[in-house]
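Residues take their numbers from the sequence shown, with the count starting at 1. Just follow the structure's listing: the first ligand is 1, and inside any ligand the first atom is 1.
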Amino acid sequence: MMERYKIPRTKELEFGGPLGAMILIFLMPATVFYLLLTCHTEQASVLNFPPPLPPLSTLWSPHTFLLLLAWVGLQAALYMLPMGKVTEGIILRDKSRLQYRINAFHAMGVTALVVGAGLAAGLRLSYIYDHFLQLAFSALLLAFGLSFLLYFKSLFAPDTTLAPGGNSGNPIYDFFMGHELNPRIGSFDLKYFCELRPGLLGWALVNMAMLMKETELRGSPSLAMLLVNAFQLLYVVDALWNEEAILTTMDIVHDGFGFMLVFGDLAWVPFTYSLQAYFLVNHPQKLSLSMAVGILLLNGLGYCIFRSANSQKNTFRRNPNDPRVTGLKTIPTATGRRLLVSGWWGFVRHPNYLGDIIMALAWSLPCGLTHVLPYFYVFYFTVLLIHREARDEHQCLRKYGLAWQEYCRRVPYRIFPYLY
Ligand SMILES: NC(=O)C1=CN([C@@H]2O[C@H](COP(=O)(O)OP(=O)(O)OC[C@H]3O[C@@H](n4cnc5c(N)ncnc54)[C@H](OP(=O)(O)O)[C@@H]3O)[C@@H](O)[C@H]2O)C=CC1
Ligand SMILES: CC(C)CCC[C@@H](C)[C@H]1CC=C2C3=C(CC[C@@]21C)[C@@]1(C)CC[C@H](O)C(C)(C)[C@@H]1CC3
């Protein structure tokens, strides 16, 4: 009989260990409310600290909580519908492979029809703007509730299903990082579901609600608002169209499903990634046509780098003999896998992050240069990706050893050519 693989204890703790995890559990929700409350003030100045705090009782609204549950319920129902193909994830440490349904793009189509029908029937999307804080608070409660349930469930999960990164034995750390790698209820994969659907589609919906609110206030949407909506919608549609690619990301392969990702997916993404659109509702910006064209080109550049770098690696990993990648130079590794050293992956070691950061800048520029607040995403995202790059580098060095060192020698820059 084959010996069952036991996930080893996590020895190298990230994010500053249990203390860092505890700080982040408070800091992440506090940041969301700081950003939203500051954005709602006239000055929207990051220096006005703390922003005026509303009484806690006004944040709780059973109505908005039920609406949020209905939204997540709709997305869960669409995920379970037998639309789209079923594919296999990467081989897990115990040599098994999980199956995943690829239907996020279909889900987006049906969601667009539902929202469209609602609008035709007189639904006011600006409700989302009017109850933004209550909705964020509801998302926070949902994220805490789900994280506790997941941690509780993980205590009864077989050893083989635990996350390599969230098995330290410290409850706070494991609660934050996620103790179980791919928690499922039957074939319903909770992490895979949350990573793309309720949060990313929710982000696009929030942006649209901000556009509607601006139209109600000023008669028509501004050019700045249209650009922010179009750029971010492209990003969301791209993620859903390339749903299968998420199966090889660090989040699915390495990280457990704990508070970090639950809160990230359900609250952080929809309520902080939409900050630019929220800002524009109360702080209108004049954007000249030439500036708009410049920003459009910048976003196009970022998107091309992001998409072609990600596609090049995904194509290569799925089939190294695919004619689209056979002309690229590679180096062998002891694992049998090869590393690309030409094309995008020979330019810098994380070309996809470079493209993503360029896009982040293009999403904030329509908000003008008078305020720092709408640039929060650029700062946060650069820090997130630099930290993520370091985590990935560490794992690759462990996986590929000397071959990785050779790759680093041949491609010396990590994200920014000649800089970093
Ligand atoms: N908007 C957002 O909030 C966020 C967006 N992202 C985006 O998500 C995308 C995925 O990012 P992420 O999961 O962090 O990492 P990557 O998609 O960059 O994947 C890293 C993995 O790629 C493989 N790899 C690295 N170098 C090479 C090479 N030279 N040749 C072949 N394979 C290589 C290694 O895995 P292996 O060898 O095992 O295949 C490595 O672990 C990125 O575009 C990122 O910008 C990420 C985080 C947040
Ligand atoms: C602030 C915390 C310390 C960390 C929170 C992190 C999460 C918000 C992000 C971690 C990785 C993510 C990815 C995406 C969204 C943000 C989170 C969840 C992603 C789904 C966005 C769309 C992209 O095209 C993608 C490549 C599919 C992304 C995958 C990673």
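Of the protein's heavy atoms, Lys313 CD, 3.7 Å lies nearest to atom 33 (C) of ligand 1. The shortest contact between atom 14 (C) of ligand 2 and any protein heavy atom is with Glu195 OE2, 4.4 Å. Regarding atom 16 (P) of ligand 1, its nearest protein heavy-atom neighbour is Asn352 ND2, 3.5 Å. Ranking the protein heavy atoms by distance from atom 32 (N) of ligand 1 puts Arg317 NH2, 3.2 Å first. From the protein, the heavy atom lying nearest to atom 7 (C) of ligand 2 is Gly264 CA, 4.3 Å. Considering only non-hydrogen protein atoms, atom 36 (P) of ligand 1 sits nearest to Arg337 NH1, 3.1 Å. If you check which protein heavy atom lies closest to atom 45 (O) of ligand 1, you get Asp356 OD2, 2.5 Å. The single protein non-hydrogen atom nearest to atom 3 (C) of ligand 2 is Met28 SD, 4.0 Å, given as residue, atom name and distance. For atom 11 (C) of ligand 2, the closest heavy atom belonging to the protein is Asp251 OD2, 2.9 Å. Closest to atom 34 (C) of ligand 1 among all protein heavy atoms lies Cys396 SG, 3.9 Å.
Heavy-atom neighbours of Tyr418 OH from other residues, nucleotides or ligands within 6.0 Å: at or below the threshold of 12. The number of heavy-atom neighbours closer than 6.0 Å to CG of Leu402, taken from other residues, nucleotides and ligands shown, is 12 or below. Remark: Trp241 CH2 is loosely packed, at most 12 non-hydrogen atoms of other residues, nucleotides or ligands lying under 6.0 Å away. Open room surrounds CZ on Arg324; 12 or fewer heavy atoms of other groups in view lie less than 6.0 Å from it. Heavy-atom contacts from other residues, nucleotides or ligands closer than 6.0 Å to NE2 of His40 number 12 or fewer.
The side chain to side chain donor-acceptor pair (under 3.5 Å) test with Asn103 singles out one residue from Glu243, Arg197, Lys85, and that residue is Arg197.
Taking the six-membered ring where the residue is Trp, Phe259 and Phe263 present parallel rings, their angle staying beneath 30° rather than reaching 60°. Using cut-offs of 30° and 60° for the angle between ring planes, the Tyr420 and Phe416 rings count as tilted. Between Tyr377 and Tyr273, the ring planes lie perpendicular to each other; the angle is over 60°, past the 30° to 60° tilted range. In this structure, His63 and Tyr127 have perpendicular ring planes: the angle between them is above 60°, well past the 30° mark. Ring geometry, His371 versus Phe279: the interplanar angle exceeds 60°, so the pair is classed perpendicular (tilted spans 30 to 60°). Between Phe144 and Phe175, the ring planes lie parallel to each other; the angle is under 30°, not in the 30° to 60° tilted range. Ring-plane geometry between Phe176 and Phe15 is classed as perpendicular, the angle between the planes exceeding 60 degrees on a 0 to 90 degree scale with a lower cut at 30.
Shown in contact with Phe306 at under 4.0 Å from a heavy atom are these atoms of ligand 1, numbered in order with element: 43 (O). For ligand 1, the atoms closer than 4.0 angstrom to any heavy atom of Tyr353 are 11 (O), 12 (P), 14 (O), 15 (O), 42 (C), 44 (C), 45 (O). Close approach of ligand 1 to Met250 is summarised as follows: ligand atoms under 4.0 Å from at least one heavy atom of the residue are 13 (O). Ligand 1 places these atoms under 4.0 Å from at least one heavy atom of Leu384: 48 (C). Within ligand 1, counting atoms from 1 as listed, the ones closer than 4.0 Å to a heavy atom of Asp392 are 20 (C), 21 (C), 40 (C), 41 (O). The contact set between ligand 1 and Tyr235, taken as ligand atoms under 4.0 Å from a residue heavy atom, comprises 1 (N), 2 (C), 5 (C). Ligand-side atoms of ligand 2 in range of Arg388: 10 (C), 11 (C), range being under 4.0 angstrom from any heavy atom. With ligand atoms numbered from 1 in the order given, ligand 2 contributes 18 (C) to contacts under 4.0 Å with heavy atoms of Asp265. With ligand atoms numbered from 1 in the order given, ligand 1 contributes 29 (N) to contacts under 4.0 Å with heavy atoms of Tyr407. Within ligand 1, the atoms closer than 4.0 Å to a non-hydrogen atom of Trp345 are 18 (O), 26 (N), 27 (C), 29 (N), numbered from 1 in the order shown.
The pair Arg101-Asp189 does not meet the salt-bridge criterion, since no charged nitrogen lies less than 4.0 angstrom from a carboxylate oxygen. Using a 4.0 Å cut-off between charged nitrogen and carboxylate oxygen, Glu195 and Lys191 do not count as a salt-bridge pair. Under the 4.0 Å criterion applied to side-chain N and carboxylate O atoms, Arg388 and Asp356 are not assigned as salt-bridge partners.
Proximity of atom 19 (C) of ligand 2 to the protein is not indicated, since no non-hydrogen protein atom lies closer than 4.0 angstrom. Distance remark: protein heavy atom not present below 4.0 angstrom from atom 28 (C) of ligand 2. Proximity of atom 25 (C) of ligand 2 to the protein is not indicated, since no non-hydrogen protein atom lies closer than 4.0 angstrom. Remark: atom 8 (O) of ligand 1 lies closer than 4.0 Å to no protein heavy atom.
Counting heavy atoms closer than 4.0 Å to ligand 1, residue Asn310 contributes side-chain atoms (C-beta onward) but none from N, CA, C or O. At a 4.0 Å heavy-atom cut-off, ligand 1 does not touch Ala309 at all. Residue Arg349 does not touch ligand 1, judged by heavy-atom distances below 4.0 Å.
Residue-to-ligand polar distances keep Tyr380 apart from ligand 1: every N/O pair is separated by 3.5 Å or more. Polar contact check, Tyr273 against ligand 1: a nitrogen or oxygen pair lies under 3.5 Å apart. Looking at ligand 1, you won't find any N or O of Arg338 less than 3.5 Å from one of its N or O atoms. Below 3.5 Å of separation, one finds an N or O of Leu340 facing an N or O of ligand 1. Distances between N or O atoms of Tyr400 and those of ligand 1 include at least one value under 3.5 Å.
The cationic atom of Arg338 (NZ for Lys, CZ for Arg) does not lie both less than 6.0 Å from the six-membered ring centre of Tyr407 and within 45° of the ring axis.
Put simply, no part of Leu24 is less than 4.0 Å from ligand 2, judged by heavy atoms. The shortest separation from a heavy atom of Glu389 to ligand 1 is not under 4.0 Å, leaving the residue out of contact. At least one heavy atom of Arg388 lies less than 4.0 angstrom from ligand 1. The shortest heavy-atom distance from Val411 to ligand 1 is not under 4.0 Å. In this structure, Trp203 has no heavy atom closer than 4.0 Å to ligand 1.
Nearest residue to atom 8 (C) of ligand 2 from Phe263, Trp268, Phe381 is Trp268 (criterion: closest heavy atom). Of the candidates Phe316, Phe381, Tyr377, the one placing a heavy atom closest to atom 4 (C) of ligand 1 is Phe381. Among Val262, Ile246, Thr272, Val269, the residue whose heavy atom lies nearest to atom 15 (C) of ligand 2 is Val269.
For the residue pair Gln134 and Trp60, no side-chain donor N or O sits within less than 3.5 Å of a side-chain acceptor on the partner. Side chain to side chain, Ser168 and Asp174 meet the donor-acceptor criterion of an N or O pair below 3.5 Å. One side chain, Trp268 or Tyr380, offers a donor N or O that lies under 3.5 Å from an acceptor on the other. For the residue pair Ser222 and Glu214, a side-chain donor N or O sits within less than 3.5 Å of a side-chain acceptor on the partner.
Judged by distance alone, with hydrogens and angles left aside, the side-chain atoms of Thr248 form a donor-acceptor pair with the main-chain N or O of Ala245 at under 3.5 Å.
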